[in-house]
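It should be emphasised that the depicted structure is a prediction, and the values quoted were computed from it without experimental measurement.
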Amino acid sequence: MVPRGQVEVLYFAKSAEIAGIHSETISVPQEIKALQLWNEIETRHPGLADVTNQVIFAVRQEYVELGDQLLLLQSGDEIAIIPPISGG
C-alpha cells in the first residue's frame with residue numbers, strides 16, 4: 001500500500017470562488033498520477049469539474065499536465081490550481 005501524505009492545495013481566482021476557500025490540507029497517496037490527484041481534489045469540490053480544462057495545475061511550482069504523469073509527493077508539498085492567464 002502506498003503511504004499517504006498531507007499536501008496543501010492552493011486555489012486561485014475562479015477555482016477559489018468555486019471551492020469557497022483559498023487553501024486546504026488534504027491527505028493523498030504519495031505516489032499518484034496527476035489526473036488522479038485532480039480527481040481527489042475535484043471529489044472534495046465537484047464544481048471544479050467545470051474548470052478542469054481551463055486551469056493550470058502546479059506541483060511544487062512546476063507545471064503539470066492532467067494525465068498519466070506519476071507524481072512523487074512529500075508531506076507539505078503545495079499543489080496550486082492556477083486560472084488561465086488572460087491578457088490584451
Side-chain angles (χ1 to χ4, degrees):
M1 185 167 162
V2 177
R4 296 179 75 84
Q6 299 288 318
V7 297
E8 184 171 9
V9 182
L10 308 175
Y11 301 93
F12 295 93
K14 185 71 171 175
S15 65
E17 290 176 30
I18 293 169
I21 55 177
H22 291 284
S23 68
E24 68 181 328
T25 301
I26 64 172
S27 175
V28 294
Q30 289 182 313
E31 290 183 20
I32 189 170
K33 291 182 179 178
L35 187 56
Q36 291 172 318
L37 176 59
W38 175 255
N39 289 338
E40 292 254 354
I41 294 167
E42 195 178 279
T43 297
R44 300 171 79 84
H45 307 286
L48 291 174
D50 295 341
V51 297
T52 299
N53 296 322
Q54 301 169 18
V55 297
I56 298 170
F57 192 59
V59 178
R60 291 186 303 270
Q61 301 180 359
E62 298 280 333
Y63 294 127
V64 175
E65 290 185 27
L66 296 181
D68 288 336
Q69 178 182 354
L70 183 63
L71 304 174
L72 302 176
L73 302 174
Q74 301 293 321
S75 282
D77 280 351
E78 288 184 346
I79 314 298
I81 312 302
I82 304 167
I85 297 170
S86 60

For L10 and H22: C-alpha separation, side-chain torsions, deciding distance, then whether side chain to side chain contact (heavy atoms under 4.5 Å, CB included) applies.
CA-CA 6 Å; L10 308 175; H22 291 284; over 6 Å; no
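Looking only at side-chain heavy atoms (C-beta outward), Q30 and L72 stay at 4.5 Å or farther from each other. At a threshold of 4.5 Å between non-hydrogen side-chain atoms, the residues I82 and F57 do not count as touching. Looking at heavy atoms from C-beta onward, L48 lies in side-chain contact with Y11 at the 4.5 angstrom threshold.
Rounding to the nearest 0.5 Å places CD1 of I56 at 11.5 Å from OG of S15. Atom CD of residue Q6 and atom OG1 of residue T25 lie 6.5 Å apart, to the nearest 0.5 angstrom. For the atom pair CD (E8) and OG (S23), the distance works out to 4.5 Å, reported to the nearest 0.5 Å. With values rounded to the nearest 0.5 angstrom, I18 atom CD1 is found 10.5 Å from H45 atom NE2.
For L73, the side chain to side chain contact (heavy atoms under 4.5 Å, CB included) test picks out V7, V28, I32, L37, V59, R60, L71, D77, I79, with sequence neighbours left out. Under the side chain to side chain donor-acceptor pair (under 3.5 Å) criterion, T52 pairs with W38, E42, sequence neighbours left out. In this structure S27 satisfies the side chain to side chain donor-acceptor pair (under 3.5 Å) test together with R4, sequence neighbours excluded. Residues that satisfy the salt bridge (charged side-chain N to carboxylate O under 4.0 Å, His left out) test with E78, not counting sequence neighbours, are absent from this structure.
Closest heavy-atom contact between K33 and G67: CB-O, 4.1 Å. Here the shortest heavy-atom pairing between G5 and S75 reads CA-OG, 3.3 Å.
Evaluation of the salt bridge (Lys or Arg N to Asp or Glu O under 4.0 Å) test over residues 48-59, restricted to residues two or more places apart or in two chains, returns none. Counting only residues at least two apart or in different chains, salt bridge (Lys or Arg N to Asp or Glu O under 4.0 Å) contacts with residues 21-32 comprise E24-R44.
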